[in-house]
There are 2 protein chains.
Amino acid sequence: MRIGELAERAGTTTRTLRYYETLGLLPARRAGNGYRAYDEDDLRLLRQIQTLRDFGFGLEETRPFVECLRAGHPAGDSCPASLAVYRRKLAELDECIAHLNGVRQQVGAQLAEAERAMAALEATATAPGGPGPRCELGPHDPHDGDEATGRRAG
Amino acid sequence: MRIGELAERAGTTTRTLRYYETLGLLPARRAGNGYRAYDEDDLRLLRQIQTLRDFGFGLEETRPFVECLRAGHPAGDSCPASLAVYRRKLAELDECIAHLNGVRQQVGAQLAEAERAMAALEATATAPGGPGPRCELGPHDPHDGDEATGRRAG
DNA sequence: GTAGACCTTGACGCCGACGTCAATGCCAGG
DNA sequence: CCTGGCATTGACGTCGGCGTCAAGGTCTAC
């Protein structure tokens, strides 16, 4: 099949497939006219990549799984290199989750404290039966909470 | 004080301070020679920014806190807009943590399963050795919050 | 008067995973 | 023949938070 069909069947875009090819993740054979030619196995490789990416794996981290599949193994995680990636990822996840839990606690404490202070001020400044709470929330895209890129000399 | 001194006292770089200024986050007065001039209040604003950034807040999210301080309030979170950011962040954190916990479980299960299958075949493993764990796991796709644009049609 | 330590603005680089043109080629249908 | 829908490569844009030059101005010390 050609790139458009593979993209559609996998629910992705041709741009993505070409990108994966530049990474060597999903190389394609070529038809006589220069068009990329894919088969069902390529679809499987692609699905493996997508599954891992949905878990938050970087594309490079999916490589061992893809190569494992291409080596003829029944599953992408039938190889030691893949298991190593799993383990690394688990450690990363644990660290990240712990970090976020810590942050959550601190932010929660800050909020509670600030709310307490605000309530004290409003009680002294506003009369009873006043207006409702302000609603200044706007649309936003969820980011992650991370750091670890070298900042703050410390 | 000048930019170099402020940077040093805050443990950051001049580049960062100029960047904050372009964002309007930390505007500076100017000395006669064109040099940026900061005072102790600016240092406080900067410290507020840093604290929030350490929590994983984006720079834009620190703006209400900074403006709150500049408005003369005792703390950056003495204003309703700041509290709104806190609450939004908490919700984000909760969502992110829940997501990561789910992923962790799935990856853990995958690993366990793969290890079982591997054990049945062979018992050879490679020694690990990574550069260091980073926490860059996102709750989901950072560029768009849903799959309407086409990936993983399912 | 000159080194050199500070400052200025401007502009490009980086990371990840693509999106989005642009210019052009291939092929089937009317 | 032309239209139109697929394909090709190439290259720049995006987002966030800066790093890293580059070319020059300013002030201080010797």
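Values reported hereafter were calculated over all heavy atoms of this structure, with side chains retained and with hydrogens, waters and symmetry mates removed. Each chain gets a letter, A, B and so on, in the order its sequence line appears, and its residues count up from 1.
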Q: Measure from the ring center of B:Phe65 to the ring center of B:Tyr86 and say whether it is less than 6.0 Å.
A: yes
(Q) If hydrophobic clusters are built by linking Ile, Leu, Val, Met, Phe, Trp and Tyr wherever their side-chain heavy atoms come under 4.5 Å apart, do B:Val66 and B:Leu59 end up in the same one? (A) yes
Between the protein and nucleotides 20-23 of chain C, list the N/O to N/O atom pairs that are separated by less than 3.5 angstrom.
| unit_1 | atom_1 | unit_2 | atom_2 | d |
| --- | --- | --- | --- | --- |
| C:dT20 | O4 | A:Arg15 | NE | 3.0 |

Q: May I ask you to say whether B:Glu115 pairs ionically with A:Arg87, meaning some side-chain N is under 4.0 Å from a carboxylate O?
A: yes
Q. Between C:dC12 atom C1' and B:Tyr19 atom OH, what is the distance in whole Å?
A. 15 Å
(Q) Applying a strict under-4.5 Å side-chain criterion to I, L, V, M, F, W and Y, I'd like to know whether A:Tyr35 and A:Tyr20 cluster together. (A) no
Q. How close or far is atom C1' of D:dG16 from atom CD1 of B:Ile49, stated in whole angstroms?
A. 15 Å
Q: Report yes or no: is the cationic atom of A:Lys89 (NZ for Lys, CZ for Arg) under 6.0 Å from the centre of the six-membered ring of A:Phe57, at an angle within 45° of the ring normal?
A: yes
Q. Within this structure, what is the CD-to-P distance between B:Gln50 and D:dG17, rounded to whole angstrom?
A. 14 Å
**Q.** Atom-pair distance (CZ on B:Arg30; C1' on C:dC7), nearest Å
**A.** 10 Å
**Q.** salt bridge (Lys or Arg N to Asp or Glu O under 4.0 Å) contacts in which one or both residues fall within residues 13-33 of chain A, not counting sequence neighbours
**A.** A:Glu21-A:Arg30, A:Glu21-A:Arg36, A:Arg29-A:Asp39, A:Arg29-A:Asp42
Q | Salt bridge A:Arg2-A:Glu5, side-chain N to carboxylate O under 4.0 Å | A | no
Q: Let me know the distance between CG of B:Leu25 and P of D:dG16, rounded to the nearest Å.
A: 14 Å
Is there any protein nitrogen or oxygen under 3.5 Å from a nitrogen or oxygen in nucleotides 1-6 of chain C, and what are the pairs?
none

Q: Would you mind reading off the distance between B:Arg36 atom CZ and D:dG25 atom P, rounded to a whole angstrom?
A: 17 Å
Q: Could you check how far CD of B:Glu60 sits from P of D:dG16, rounded to whole Å?
A: 8 Å
Q) Quick one: A:Leu26 CG to C:dA17 P, roughly how many Å, whole number? A) 15 Å
**Q.** Side-chain ion pair, B:Glu92 and A:Arg104, N-O less than 4.0 Å
**A.** no
Q: Tell me which nucleotide among C:dA17, D:dG19, D:dG17 gets nearest to the side chain of A:Leu59.
A: C:dA17
Q: Would you please confirm or rule out a distance under 4.0 Å between OP1 or OP2 of D:dG25 and any side-chain N or O of B:Asn33?
A: no
Q.
Under 4.0 Å, counting only non-hydrogen atoms across every strand here, what does A:Arg18 touch: a base, just sugar-phosphate, or nothing?
A. base
**Q.** Side-chain N,O (A:Thr13) to OP1/OP2 (C:dG19) below 4.0 Å
**A.** yes
Q) Between B:Glu67 and B:Arg70, is there a side-chain N and carboxylate O pair less than 4.0 Å apart? A) no
